[in-house]
Amino acid sequence: DQQVKQNSPSLSVQEGRISILNCDYTNSMFDYFLWYKKYPAEGPTFLISISSIKDKNEDGRFTVFLNKSAKHLSLHIVPSQPGDSAVYFCAAKDSGAGSYQLTFGKGTKLSVIP
Amino acid sequence: NAGVTQTPKFRVLKTGQSMTLLCAQDMNHEYMYWYRQDPGMGLRLIHYSVGEGTTAKGEVPDGYNVSRLKKQNFLLGLESAAPSQTSVYFCASSYPPVPSQHFGDGTRLSIL
């Protein structure tokens with residue numbers, strides 16, 4: 001059973017507009033959430049994260065919002081740039097897992113159109 | 001400034017052959033992980049290690065073995081490769097309590 005779900009396999013956005021990537025989770029024990037960005041033929045790179053005690057975290061053009069009651073988080077990219085075209089993975093850490101394991105969603109491929 | 005280095009980058013094997021994938025990190029990270037990524041499946045954890053000399057099973061451990069003889073290295077072995085193990089393999093490391101993991105660029109493995 002998927003504990004982290006990214007229901008949109010792909011998303012296309014015009015350059016300069018806002019990109020919103022969504023992620024839902026089912027495990028109430030998740031206490032930390034991360035977004036990774038992945039270009040073809042490269043490994044995922046950490047983008048931004050949020051603790052479950054917060055509802056928003058911002059870093060430049062990237063903002064992550066967390067709605068614990070809905071078990072939903074989203075990544076906003078404003079303004080979107082062609083270089084943002086990549087696959088974005090949502091990941092979550094279980095507070096009970098001493099190994100700091102992450103559970104990943106299946107990813108959303110973002111295409112930013114010039 | 002290498003971070004996490006994976007070797008080899010590409011490999012083609014025949015069914016039944018064995019091989020070892022090497023992961024090396026130069027960040028003095030305590031924890032290391034092996035994932036596989038299949039189309040439409042995201043990243044799935046194979047095995048992980050919380051320190052030198054320790055290993056543990058992840059979500060999809062069958063058909064794989066690992067060893068962590070040195071803190072900086074984490075080896076993933078396939079004893080008898082099967083076509084179902086065709087995948088892209090990623091190694092990652094982390095330094096708790098920071099949850100974020102640093103990834104290598106992957107090994108693309110094809111088993112015929």
Side-chain angles (χ1 to χ4, degrees), chain A residues 1-10 21 23-25 27 29-54 57 59 62 64 66 86-109, chain B residues 2-10 21 23-25 27 29-51 54-61 66 68 74 87-108:
Chain A
D1 185 34
Q2 260 192 291
Q3 297 186 68
V4 177
K5 301 177 184 179
Q6 294 178 256
N7 292 319
S8 298
S10 62
L21 294 91
C23 179
D24 297 296
Y25 63 96
N27 188 341
M29 296 298 289
F30 287 150
D31 66 346
Y32 204 86
F33 302 89
L34 307 92
W35 284 95
Y36 280 82
K37 178 179 179 179
K38 184 184 180 304
Y39 292 118
E42 294 183 9
T45 55
F46 170 70
L47 189 58
I48 192 170
S49 62
I50 188 168
S51 166
S52 61
I53 63 173
K54 295 185 176 182
N57 188 29
D59 184 2
F62 303 91
V64 56
L66 175 62
V87 177
Y88 290 79
F89 290 100
C90 172
K93 182 183 81 65
D94 188 330
S95 61
S99 64
Y100 281 72
Q101 294 179 50
L102 297 179
T103 302
F104 285 83
K106 294 183 177 182
T108 296
K109 183 176 182 180
Chain B
V4 178
T5 303
Q6 293 184 233
T7 53
K9 295 189 185 305
F10 304 95
L21 280 65
C23 176
Q25 53 96 3
M27 297 173 285
H29 283 176
E30 201 66 36
Y31 290 10
M32 296 186 75
Y33 313 82
W34 275 107
Y35 294 90
R36 60 178 289 172
Q37 185 192 12
D38 302 295
M41 292 297 292
L43 292 158
R44 293 184 292 169
L45 183 65
I46 305 171
H47 285 280
Y48 63 94
S49 168
V50 299
T54 74
T55 63
K57 294 180 180 180
E59 179 187 356
V60 289
V66 287
R68 183 105 181 265
F74 195 28
S87 188
V88 181
Y89 292 86
F90 289 101
C91 176
S93 67
S94 70
Y95 195 82
V98 178
S100 60
Q101 297 177 10
H102 296 254
F103 284 82
D105 283 339
T107 294
R108 184 174 297 274

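Chain naming here is simple, since letters A, B, ... match the order of the sequence lines and numbering starts at 1 in each. Keep in mind that what you see is a predicted model, and the values were worked out from it rather than measured.
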In sequence, state the C-alpha distance, the side-chain angles, and the governing distance for F104(A) and M41(B), and then conclude on side chain to side chain contact (heavy atoms under 4.5 Å, CB included).
CA-CA 9 Å; F104(A) 285 83; M41(B) 292 297 292; over 6 Å; no

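The neighbour count for F62(A) CZ, taken as heavy atoms of other residues, nucleotides or ligands under 6.0 Å away, is above 12. Counting heavy-atom neighbours within 6.0 Å of R108(B) CZ, excluding the residue itself, gives a total of 12 or less.
In terms of heavy-atom proximity, K106(A) sits nearest to G40(B) at CD-O, 3.0 Å. Pairing each heavy atom of Y31(B) with each of Y100(A), the nearest pair is CE2-CD1, 3.7 Å.
Chain B is approached within less than 4.5 Å, heavy atom to heavy atom, by Y32(A), L34(A), Y36(A), K38(A) from residues 30-39 of chain A, ordered by number.
With chain B as the partner, the residue from S49(A), P9(A), P44(A) showing the most heavy-atom pairs under 4.5 Å is P44(A). Ranking G106(B), S100(B), P99(B) against chain A, the residue ahead of the rest is P99(B), based on heavy-atom pairs under 4.5 Å.
K54(A) meets the side chain to side chain contact (heavy atoms under 4.5 Å, CB included) test with I50(A); sequence neighbours excluded. Residues that satisfy the side chain to side chain donor-acceptor pair (under 3.5 Å) test with E59(B), not counting sequence neighbours, are absent from this structure. Qualifying side chain to side chain donor-acceptor pair (under 3.5 Å) partners for H29(B), counting only residues two or more places apart in sequence or in other chains: S93(B).
In this structure, the portion of A41(A) lying under 4.5 Å from any heavy atom of chain B is its backbone and not its side chain.
Distance OG/S94(B) to CG/L102(A): 7.5 Å, rounded to 0.5 Å. Atom NE2 of H102(B) and atom CZ of F46(A) lie 8.5 Å apart (nearest 0.5 Å).
Taking 4.5 Å as the limit, some side-chain heavy atom of Q101(A) sits within range of a side-chain heavy atom of Y48(B).
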